[in-house]
Amino acid sequence: MIQLNHLRNNPEEVLTRLLKRGIDATKTIDTILETDKLARESRVEMEYLQNRSNVVSKEIGELMRKGQAASAEPLKSESTGIKDKLKSLEERVESLEESVRKLLITLPNAPHSSVPTGKDSNDNVEIFIKGEKPALPANALPHWELAKKYDLIDFELGVKISGAGFPVYKGKGAKLQRALIQYFMNEAEKAGYLEIQPPIVINEASGFGTGQLPDKDGQMYYIGEDELYLIPTAEVPITNLYRDVILNIEDLPIKNFGYTPCFRREAGSYGAHVRGLNRLHQFDKVEIVQIVKPELSYAALEDMQLHVQQLLQNLGLHYRVLLLCGGDMSVASAKTYDLEVWSGAQQMWLECSSVSNCETYQTNRLKCRFRNDQGKMELAHSLNGSALALPRIIASILENYQTENSIMVPEVLRSYTGFNEIK
RNA sequence: GGAGAGUUGGCAGAAUGGUAAUGCACUGGUUUCGAAAACCAGCGGGUGUAAGCCCUUACAGGUUCGAGCCCUGUACUCUCCGCCA
């Protein structure tokens, strides 16, 4: 959530930046600032009375110790009087501060100045493109047909076991996925990230910490019996490792990665674009996360984005990098790059990674801080990125690497798969 | 799932209901050629230039002039039993 202190001092700036999302927050911000002012005034008054109450109680304690119980009586009644006033005042402060907090969490993060203004994906900007569309054989098939032809993935079987969007990977299909996971993990490790195997169910506090709750409530699978959510991404449990933590400055930057399944209800999505591996309820992903000093977060964002590019490049896939416009970014992000791979047979781009700098939006909720050079508490910046999400990479590999009667395995994966070709 | 015990700073560990000791660790300083030792200071969070003030004994309530302490509820941890990869 946006820092209240920053909003107090720079309401115009926040307002302008939010306009990049197509959001006019004038009214919300005005209400926040007005309510905050009232809350602070009441708080000053409250603290004054609390102080008086503390002093009086201390004096009573003194008298009691000296055995002068009788002379404490007037003080007792004064204290009782203060208490009455305090009660309503405390309720008022609490309710005002709660109002401020509730309004504050409705605001998404303020986009960085380099983020283009826009409403939806049409306003995203392509900033880099690599490789070319592969020349496919005349009998080229979409990946779901290839998966069937070579018995790699069984979508119907998944429907029987669980439902639509839960595919079953078999044989070389399963092996290909495992090879990719292993490859991505090794590359993350080489890039200096520490491996984390987190839980894949999370509690409400964790969901709130990274911004999924309350915003994305309906998009997560919920286990009511235990009040737990299935993770939509490893970003949630990994970033929450640093909830309520005061980090040592020399521990920064923190670089973690984790491989986990991810679960998304995808409520409301339907149509042609959900075919095959395009959109699933369960998928695997390797996620990279960084917690860094504020002044270094944009360098880290570029670093992470380039790491993901390198993976795609090494796999020999045609891909492009998009700078998302304000309206297409997730609530927590201040700046996001999406990476998309080319799906040769479907003739379309598939998003396979999203790399975001959340600045202090998450760390403010998480209370993830460090002591800066002046010895003052400061919120760290958090970043996350997929490196990479598996299904769409597999779709792209199957389609782009198909020959007339086989599918070639990308060079870099062959030592992991143990086979060069799928026939 | 059942029974019992417990939860105080980074750790250890005090506090007849009277306003959170102390030790260790850590940080800075004095000293030293340098280090150790010793000594001094700091060492939960917020706010404030500062003095200060407020909050803080797992969390939420209650009793009280005053709660780490008494009462109620919740969460978590540990031990034993049961079940189990």
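Keep in mind that what you see is a predicted model, and the values were worked out from it rather than measured. Below, chain A is the first sequence line, B the second, and so on; all start at residue 1.
Here A/I238 contributes atom CD1 and A/I231 contributes atom CD1; the two are 8.0 Å apart, rounded to the nearest 0.5 Å. In this structure, CD1 in A/I196 is found 14.0 Å from CD1 in A/I288, a value given to the nearest 0.5 Å.
Aromatic ring pairs are classed by plane angle as parallel below 30°, tilted from 30° to 60° and perpendicular above 60°; the pair A/H307 and A/Y193 is tilted. Between A/W349 and A/W342, the ring planes lie perpendicular to each other; the angle is over 60°, past the 30° to 60° tilted range.
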In dot-bracket notation, what is the pairing pattern of RNA chain B, taking Watson-Crick (N1-N3 plus N6-O4 or O6-N4) and G-U wobble (N1-O2 and O6-N3) contacts under 3.5 Å, with [ ] crossing and | for other strands?
(((((((..(((.....[...))).(((((.......))))).((((....))))..(((((..]....))))))))))))....
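Nucleic acid contact class of A/I60 (heavy atoms, under 4.0 Å, all strands): base. Across all strands shown, A/M46 has no heavy atoms under 4.0 Å from either base or sugar-phosphate atoms. Within 4.0 Å (heavy atoms only), A/S79 reaches sugar-phosphate atoms of the nucleic acid but no base atom. Among the protein residues, A/R40 comes within range of no part of the nucleic acid, since none of its heavy atoms lies under 4.0 Å from any strand.
For A/Q362 and A/E235, the side-chain atoms include at least one donor-acceptor pair closer than 3.5 Å. Side chains of A/Y337 and A/E302: a donor-acceptor N/O pair is present below 3.5 angstrom, by distance only.
A cation-pi arrangement is found for A/R365 relative to A/F208, the charged atom lying closer than 6.0 Å to the ring centre and inside a 45° cone about the ring normal.
Taking the P atoms as reference points, B/rG2 lies 31 Å from B/rC11, given to the whole Å. Distance noted for atom P between B/rA21 and B/rG10: 16 Å (whole Å). Taking atom P in both B/rU19 and B/rC24, one finds a spacing of 25 Å when rounded to whole Å. When the P atom is compared between B/rU16 and B/rC69, the two are found 13 Å apart, to the nearest whole Å. Spacing between B/rG68 and B/rC55 at atom C1', rounded to whole Å, works out to 15 Å. When the C1' atom is used for both B/rG9 and B/rA5, the distance is 24 Å, rounded to whole Å. One P atom belongs to B/rG29, the other to B/rG13, and the distance between them is 33 Å to the nearest Å. Taking atom P in both B/rA50 and B/rA60, one finds a spacing of 29 Å when rounded to whole Å.
With a heavy-atom cut-off of 4.0 Å to chain A, the contacted part of RNA chain B has its first and last nucleotide at B/rG18 to B/rG66.
A/Y298 has its ring centre no less than 6.0 Å from the ring centre of A/H381.
Projected onto RNA chain B by closest heavy-atom contact, A/Y48 and A/E62 fall at different nucleotides, the more 5' of which corresponds to A/E62. Nearest-nucleotide assignment on RNA chain B puts the 5′-proximal partner with A/G61, out of A/R52 and A/G61.
In this structure, the side chain to side chain contact (heavy atoms under 4.5 Å, CB included) partners of A/S406, at least two apart in sequence or on a different chain, are A/T403, A/M408, A/E421, A/K423.
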